[in-house]
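What follows is one structure encoded as structure tokens, with my remarks underneath.
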There are 2 protein chains.
Amino acid sequence: MVERLVGLNPSGAPLYKEVKRKIIESIRNGEWKPGEVIPSEKKLCERFAVSMGTIRKAVDDLSGEGFLIRHQGRGTFVATHNQDRYLFTFFHVVRQDGHKEYPKVELMEFSKVKADPVAMSMLHLDPGSRLFRFVNKLELGRNPVVVDEILLPEQLFSRLTERTLRERSATLYQLYQEGFGVTVVRTQERVRAVSADALRARLLGVKVGDPLLQVIRIAFSFKDQPVELRYSYVLTHTYEYCSDSMAAS
Amino acid sequence: MVERLVGLNPSGAPLYKEVKRKIIESIRNGEWKPGEVIPSEKKLCERFAVSMGTIRKAVDDLSGEGFLIRHQGRGTFVATHNQDRYLFTFFHVVRQDGHKEYPKVELMEFSKVKADPVAMSMLHLDPGSRLFRFVNKLELGRNPVVVDEILLPEQLFSRLTERTLRERSATLYQLYQEGFGVTVVRTQERVRAVSADALRARLLGVKVGDPLLQVIRIAFSFKDQPVELRYSYVLTHTYEYCSDSMAAS
DNA sequence: CAGTGGTCTAGACCACGTC
DNA sequence: ACGTGGTCTAGACCACTGG
């Protein structure tokens, strides 16, 4: 006679979803840190008292969702943003021939501002919340191509300084993760065509009124918590914004 | 003593990949048609002489890739394009408040042309190949918002006529599938900001020189075969181009 | 009710990475 | 050699759908 019946557990949710929840919890509370290896699948079986198949289903899912990375023969690791594969997951600007390169970033402005109604709504902030606001100029192939205006909730990034941004060696999302424990797992972008204003025209070296791509990005962490609002202005003479779609389940 | 050892089969590929290949083959050769149910998982076990777990892995994959759709209690179906979920998989224009609506389409031009070098390269065509070329105007909320220029290889769509396009009741990709056996499973899009030329300005009701979004799309069928080249021009005053990204495995 | 997909078990052997 | 994830088996029971 078996002890626990299969199907649904007492909590009402499938076992593998319970396991997923517990694994994410262990990542969030710091038991397993980004870049570190988590226990082997066999040990997870014992820890959660489920079978291999259930562990595999949970880890498969989390791997597909970007929280974990499997390496055959080595182990399963908590995802970090300092892997090559992340460089272009959220950076969608490529040269017209498809060539991808990493931009040279220059910090142009840095300040603390009060959240306007739009930012408040997009970032789910309370009235009166304050934001860090900074502007980056990105060069590709020695030419300015993108101007980013980035807004971060002060609450999540309280120790952020201009110097931190200027002296960072890694990508911005790597900094969010390693410096502030904020892991970006998903972004939503809206793209529009606009005319260059004086500031953007000057920074990108084009005429006022020339067409620019405006990308409005919200970056989400675990549980769909919005953590960054970004306005990007892209010069698309020689570079393009790139987006793929798959018929998915 | 077991008969077949687990791990790799004689062909060198994992069993579940062999099963995936055979299922896709049965879809391609018409044994199972779009919208129809395929045999139950138990029957597939017998047919391919593998266990449930292997069948599930194969069907899971194909479901995730958009070839199959599972319905608990009913069966597994070959994907079609006449499901709601497809309407906005490849149509990325939404109102600024996030509202999605289906566009009213009007055919503006229809002709047969010789493929230019760009189209030849993008669609992997031989020199001298011919294309159907047509222009659609799309209205959203009673205002023109998108102008599409669409190029299709004559070879794949030989029976296409202006009347077919004008009288279609379904989406374009539904027509490709039901009328020509061409199933779009993936698209690649490049987005740029351009100035409206005379034709586009007139169709969209804006001034020449106003900024427009230009979307260059290649649509792929099975095995990454390119089947459509499309240039979209989008007016982004009240509508936006929408694109999501996930950190994926 | 019977049949479907959804979840789960308790193992097995294989291929890969490290030592 | 050893431990990891990758693949696979031969079932089981559960939840849903339809007649």
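Residue numbers begin at 1 in each chain, while the letters A, B, ... track the order of the sequences.
Look at NZ on A/Lys20: it is 16 Å from C1' on C/dC8, rounded to the nearest Å. In this structure, the CD1 atom of B/Ile55 is 14 Å from the C1' atom of D/dA10, given to the nearest Å. One interatomic measurement links the two molecules: NZ of B/Lys17 to C1' of C/dA15, which rounds to 13 Å at whole-angstrom precision. The distance between atom CD1 of B/Ile69 and atom C1' of C/dG6, rounded to the nearest whole Å, is 17 Å. Summarising the geometry, the separation between CG on B/Asp60 and P on D/dG6 is reported as 15 Å, rounded to the nearest angstrom. A straight line from CD of A/Glu46 to P of D/dT4 spans 10 Å, rounded to a whole angstrom. Between the OH atom of B/Tyr16 and the C1' atom of D/dT9 there is a distance of 16 Å, rounded to whole Å. Taking atom CG on B/Asp61 and atom P on C/dG5, their separation rounds to 17 Å, with Å as the unit.
Comparing C/dC16, D/dA15, C/dT9 by their nearest atom to the side chain of A/Gln72 picks out C/dC16. Here the nucleotide nearest the side chain of A/Lys57, chosen from C/dT9, D/dT9, C/dT7, is C/dT7.
Comparing A/Gly73 and A/Gly53 against DNA chain D, the residue whose closest nucleotide sits nearer the 5' end is A/Gly73.
The pair B/Glu178-B/Arg168 does not meet the salt-bridge criterion, since no charged nitrogen lies less than 4.0 angstrom from a carboxylate oxygen. Salt bridge status for A/Arg28 with A/Glu25: absent, with no side-chain N to carboxylate O gap under 4.0 Å.
At C/dG5, none of the side-chain N or O atoms of B/Arg56 fall inside 4.0 Å of OP1 or OP2 (strictly under the cut-off). One finds a side-chain N or O of B/Thr76 lying less than 4.0 angstrom from the OP1 or OP2 phosphate oxygen of C/dG5. Contact annotation: B/Arg74 side-chain N/O to D/dC16 OP1/OP2 distance is not under 4.0 Å. Of the side-chain N and O atoms in A/Thr54, one or more sit less than 4.0 angstrom from OP1 or OP2 of C/dT9. B/Arg70 has no side-chain polar atom (N or O) that falls below the 4.0 Å cut-off from OP1 or OP2 of C/dT4.
Sorted by residue number, the members of residues 31-43 of chain A with any non-hydrogen atom under 4.0 Å from DNA chain D read A/Ser40, A/Glu41, A/Lys43.
Listed by chain and number, the residues in a side chain to side chain contact (heavy atoms under 4.5 Å, CB included) with B/Ser51 are B/Thr54 (sequence neighbours excluded). With sequence neighbours excluded, the residues forming a ring pair (Phe, Tyr, Trp, His ring centres under 6.0 Å) with A/Phe180 are A/Phe157, listed by chain and number. B/Tyr16 is linked by a ring pair (Phe, Tyr, Trp, His ring centres under 6.0 Å) to nothing, counting only residues two or more places apart in sequence or in another chain. Residues satisfying the side chain to side chain donor-acceptor pair (under 3.5 Å) criterion with A/Tyr173, sequence neighbours excluded, are A/Arg217, A/Glu228. Looking at residues two or more places apart in sequence or on another chain, you find a side chain to side chain contact (heavy atoms under 4.5 Å, CB included) between A/Val118 and A/Asp116, A/Met122, A/Tyr231.
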